[in-house]
**Student:** 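Sharing a structure with you now.
For ligands, and for the atoms within them, numbers begin at 1 and follow the listed sequence. All heavy atoms count here, side chains included; hydrogens, waters and symmetry mates do not.
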Amino acid sequence: MLDINKIRADFPILSQKVNGKPLVYFDNGATSQKPQVVIDAISKYYQEINANIHRGVHTLSQLATDAYEISRGKIQKHINAEFAHEVLFTSGTTHGINLVTNGFASILKEGDEILVSALEHHSNIVPWQMLCEKTGAVLRVIPMNQEGELIMEEYDKLLSSKTKIVTVNHISNALGTVNPIKYMIDKAHAVGAAILIDGAQAVPHLKPDVQELDCDFYVFSGHKICGPTGTGILYGKEAWLNKLPPYQGGGEMIKEVSFEKTTYAELPHKFEAGTPNVAGGIVLGTAIDYMNEVGFDNIQQQEKELLEYGTKRLLEIEGLKIFGTAKEKTSVISFNIEGIHPYDIGTIVDKLGIAVRTGHHCAQPIMTFYDIPGTIRASFAFYNTTEEIDMMVAAIKRAQMMLS
Ligand code: 7TS
């Protein structure tokens with residue numbers, strides 16, 4: 001069991017007041033808060049070893065390079081990648097997806113098909129649409145049902161020899177649905193298609209095993225797992241990363257440059273042009289260490305309780321409807337209250353110290369499916385408590401009284 005008070009003491013921001021009220025932070029789907037070890041590691045890096053990496057022979061450059069590569073190794077181990085060079089540092093999930101779609105521009109032909117799920121965040125829709133525009137490939141959508149689950153019979157029907165790549169999130173940011181990705185990966189491979197898993201909302205809750213999953217690409221952001229903003233990871237199978245062309249040209253991604261011809265560096269450097277976010281990459285390793293110290297079993301146990309308690313308490317509110325009632329769900333609750341715009345509730349509860357997200361959550365097609373302008377989303381992390389849920393419920397009831 002988690003010692004929740006001890007965990008909360010690791011996060012200085014959680015003891016702050018917002019608008020004169022104790023902060024209740026339920027916007028973890030947007031970004032997680034940072035523990036003191038992560039905050040300290042950032043200043044320690046700049047105080048002690050700041051230097052550019054993979055270049056100077058001088059001591060600081062070597063220290064920074066070593067720390068960066070040690071962090072890559074930690075992430076490799078965390079997701080169980082076969083090789084460290086399959087783990088690419090990016091600026092986040094969006095960057096990782098764009099790197100892959102950019103690479104597929106040289107692979108896809110007119111009439112090839114890309115399957116995208118109905119549950120995606122815009123960052124896993126728009127880059128594929130841009131790829132279709134470039135190549136003449138066709139985007140097909142794996143539909144969802146009222147519960148917010150993808151319909152696997154429809155997925156099976158959509159798959160064909162025309163399918164070149166499938167893209168789906170591990171967990172939906174707007175509804176919390178956990179998708180049956182192992183099934184989807186195996187089915188994609190059965191027709192010879194590649195598959196990308198957007199793990200942005202999964203890695204805060206679980207440890208993905210990319211070898212067991214056998215996915216071709218797995219992307220996530222560092223800032224949602226207690227790490228710094230501007231960090232992220234693209235895992236790609238070695239064979240795919242060797243096949244894809246570089247994303248950006250520049251320093252550090254080359255073997256040799258002449259005006260006649262340039263040859264590219266080996267993995268992972270081929271995809272890491274320019275000076276990277278050195279501090280961020282190193283500290284992402286610190287964040288992953290922290291999450292593992294807390295323990296993913298503990299994290300899941302705490303979040304399961306929050307999901308169950310939160311669902312029960314929220315449903316006590318008259319006229320409240322939850323969107324996303326999948327059997328497999330993580331600690332995200334999206335809801336609306338009859339006759340009240342989600343934005344109005346969000347604004348009032350903020351005045352009472354409660355941070356929730358309102359709107360379409362960068363997943364407009366889901367809102368269109370339910371024919372709603374948006375939802376109020378409470379997304380819980382392991383450092384949240386049932387007492388905080390009580391505070392949110394009281395604040396929502398107050399907002400409801402004021403608005404009706
Ligand atoms: N994919 C999913 C499933 C996400 O939830 C997000 C961010 C992204 C991709 C993009 O990640 P980024 O780090 O590159 O921006 N989701 C959210 C959210 O739900 N609220 O704010 C950001």
**Student:** Any side chain to side chain donor-acceptor pair (under 3.5 Å) pairs touching residues 217-230, not counting sequence neighbours?
**Tutor:** Thr31-His223, Thr93-Ser221, His170-Tyr218
**Student:** Thinking salt bridges, do Lys6 and Asp10 make one under a 4.0 Å N-O criterion?
**Tutor:** no
**Student:** Side-chain donor-acceptor pairs under 3.5 Å in residues 277-289, sequence neighbours left out?
**Tutor:**
unit_1	atom_1	unit_2	atom_2	d
Asn277	OD1	Gly280	N	2.8
Asn277	ND2	Gly230	O	3.0
Asp289	OD2	Lys74	NZ	2.7

**Student:** May I have the step-by-step check of salt bridge (Lys or Arg N to Asp or Glu O under 4.0 Å) for Lys237 and Asp216, ending in yes or no?
**Tutor:** CA-CA 5 Å; Lys237 275 187 189 162; Asp216 300 289; 3.4 Å; yes
**Student:** Going by the ring pair (Phe, Tyr, Trp, His ring centres under 6.0 Å) test, which pairs reach into residues 370-403, not counting sequence neighbours?
**Tutor:** Phe11-Tyr383, Phe26-Phe380, Phe323-Tyr370
**Student:** Is Lys312 salt-bridged to Glu308, going by a charged N under 4.0 Å from an acidic O?
**Tutor:** no
**Student:** Would you tabulate the polar-atom pairs, meaning N/O of ligand 1 against N/O of the protein, with distances under 3.5 Å, reported to 0.1 Å?
**Tutor:**
unit_1	atom_1	unit_2	atom_2	d
ligand 1	1 (N)	Asp198	OD1	3.4
ligand 1	1 (N)	Asp198	OD2	2.5
ligand 1	5 (O)	Gln201	NE2	2.7
ligand 1	13 (O)	Ser221	OG	2.7
ligand 1	13 (O)	His223	NE2	2.7
ligand 1	14 (O)	Thr93	N	3.4
ligand 1	14 (O)	Thr94	N	2.9
ligand 1	14 (O)	Thr94	OG1	2.6
ligand 1	16 (N)	His121	NE2	3.4
ligand 1	16 (N)	Lys224	NZ	3.0
ligand 1	19 (O)	Asn173	ND2	2.8
ligand 1	19 (O)	Arg377	NH1	2.6
ligand 1	19 (O)	Arg377	NH2	3.4
ligand 1	20 (N)	Arg357	NH1	2.5
ligand 1	20 (N)	Arg377	NH2	3.2
ligand 1	21 (O)	Arg357	NH1	3.0

